Amino acid sequence: MTHAELPAWKKQLPMWLTWARMALCLPMAAIMLIMSDPWGGYLAAFLFIIASITDWLDGYYARLFHAQSTMGKFMDPIADKILVSTILILLIPSGRIGPILVILLLARDILIGGIRSVAAADRVIIDAKATGKWKTAVQMVGIPALLINTPIFGAPVAQFGSTLLWISAVLSVISGWEYIQIFRTARRGA
């Protein structure tokens, strides 16, 4: 079956999953602001995990149904940034995460978003790279641990989450450098 023969819902499913990831930010934010720990943390972590799974599913279905699109290539990382940024910012007042780490992670994401936009204006699409994907994966594990914020079977879940986010910060710097180098190479070749 060719792409043109695919039912419309199969072509649109990856983008629907991307939009769903962004939409889940609202109930997570409401839960974090209204409910207290531990149940609020567990519920927010559960929704965050569901949203994280959509990140994997949108790519999986885009490849499976040959429904990859320029819109999807741009919106997928934006959806990730909206999801992660929302939660990180809301974790600052509780003291579970420091503002310096949040600034570092958000600044890298904004910088790379800008570089990708300039590259796109030059008709160069910079896809997500392995280091950036690892950064996102580490964040998708570390953030629920910070949301739960209570020991599980005596294990310090919040410390584990904090450590993972600092690892993601290191990966952020490395992947940011990779994106800058790819952009510079593309500009020289244009």
Side-chain angles (χ1 to χ4, degrees), residues 3 6-94 96-97 99 101-103 105-114 116-117 120 125-129 132-149 157 161 164-165 168 171-172 175:
H3 179 70
L6 279 176
W9 73 268
K10 285 186 177 181
K11 292 179 196 175
Q12 296 169 354
L13 181 61
M15 278 308 303
W16 290 342
L17 290 166
T18 299
W19 294 118
R21 185 159 65 257
M22 289 186 273
L24 282 169
C25 291
L26 292 174
M28 278 188 286
I31 289 165
M32 291 176 70
L33 293 170
I34 296 168
M35 293 182 72
S36 59
D37 285 336
W39 296 111
Y42 282 114
L43 186 54
F46 174 75
L47 290 177
F48 186 88
I49 291 167
I50 297 297
S52 298
I53 291 169
T54 70
D55 185 29
W56 180 81
L57 286 174
D58 65 13
Y60 172 78
Y61 285 120
R63 288 184 297 277
L64 179 68
F65 298 141
H66 303 286
Q68 293 135 323
S69 67
T70 302
M71 177 76 153
K73 287 179 183 178
F74 278 102
M75 292 308 296
D76 180 61
I78 289 171
D80 293 343
K81 287 166 188 46
I82 290 171
L83 173 66
V84 169
S85 299
T86 299
I87 302 307
L88 292 180
I89 290 166
L90 289 172
L91 284 170
I92 292 172
S94 69
R96 295 181 206 177
I97 189 168
L101 179 58
V102 174
I103 291 167
L105 293 171
L106 297 184
R108 177 265 182 205
D109 286 346
I110 292 166
L111 173 68
I112 298 310
R116 291 177 87 182
S117 295
I125 304 297
I126 302 176
D127 293 329
K129 301 300 171 204
K133 290 180 180 183
W134 276 105
K135 172 211 54 117
T136 300
V138 170
Q139 287 176 346
M140 299 301 184
V141 175
I143 290 172
L146 283 173
L147 288 168
I148 291 171
N149 197 38
V157 175
L164 286 178
L165 284 181
S168 81
L171 292 171
S172 289
S175 69

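Everything quoted here is computed from the prediction, not taken from an experiment.
Under the salt bridge (charged side-chain N to carboxylate O under 4.0 Å, His left out) criterion, R96 pairs with D37, not counting sequence neighbours. Annotation: ring pair (Phe, Tyr, Trp, His ring centres under 6.0 Å) contacts of F46 (sequence neighbours excluded): none. Residues meeting the side-chain contact (heavy atoms from CB on, under 4.5 Å) test with V102, sequence neighbours left out: L88, I89, I92, I97, L106. Here R108 pairs with S175 under the side chain to side chain donor-acceptor pair (under 3.5 Å) rule; sequence neighbours left out. Shown here are the side-chain contact (heavy atoms from CB on, under 4.5 Å) partners of I103, two or more places apart in sequence or in another chain: there are none. Not counting sequence neighbours, the partners of L33 by the side-chain contact (heavy atoms from CB on, under 4.5 Å) test are L90. Evaluation of the side chain to side chain donor-acceptor pair (under 3.5 Å) rule for T54 yields R21 as partners, not counting sequence neighbours. When the ring pair (Phe, Tyr, Trp, His ring centres under 6.0 Å) test is applied to W39, the partners found at least two apart in sequence or on another chain are Y42.
To the nearest 0.5 Å, the span separating OG1 on T136 from CG on D76 amounts to 8.5 Å. Atom-to-atom distance recorded for L91:CG and I143:CD1 is 7.5 Å, nearest 0.5 angstrom. Interatomic distance, CG of L171 versus CH2 of W134, reported as 9.0 Å (0.5 Å rounding). Note: H66 NE2 to Y61 OH = 14.5 Å, rounded to the nearest 0.5 Å.
Between I87 and M28 there is a side-chain heavy-atom pair separated by less than 4.5 Å. Using a 4.5 Å heavy-atom threshold, the side chains of M32 and L147 count as touching.
What you find for G161 and L146 is that their closest heavy atoms are C-CG, 4.1 Å. Looking at every heavy atom in both residues, L105 comes nearest to S172 through CD2-OG, 3.4 Å. Between K135 and S168, the shortest heavy-atom contact is CG-O, 3.5 Å. Heavy atoms only, all atoms of each residue included: L83 and M140 are closest at CD2-CE, 4.0 Å. Heavy-atom minimum distance, A23 versus P27: O-CD, 3.2 Å. In this structure, S69 and G72 approach most closely via the heavy-atom pair OG-N, 2.9 Å.
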Listed pairs under 3.5 Å, donor-acceptor, residues 13-20 side chains, sequence neighbours left out:
{"residue": "T18", "atom": "OG1", "partner": "P14", "partner atom": "O", "Å": "3.1"}
{"residue": "T18", "atom": "OG1", "partner": "D58", "partner atom": "OD2", "Å": "2.8"}

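Listed by first and then second residue, the salt bridge (charged side-chain N to carboxylate O under 4.0 Å, His left out) pairs that reach into residues 63-72 come to none, sequence neighbours excluded.
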For side-chain contact (heavy atoms from CB on, under 4.5 Å), just list the numbers for D80 and M22, CA-CA rounded to whole Å, side-chain angles, deciding distance to a tenth of an Å, and then say yes or no. CA-CA 8 Å; D80 293 343; M22 289 186 273; over 6 Å; no

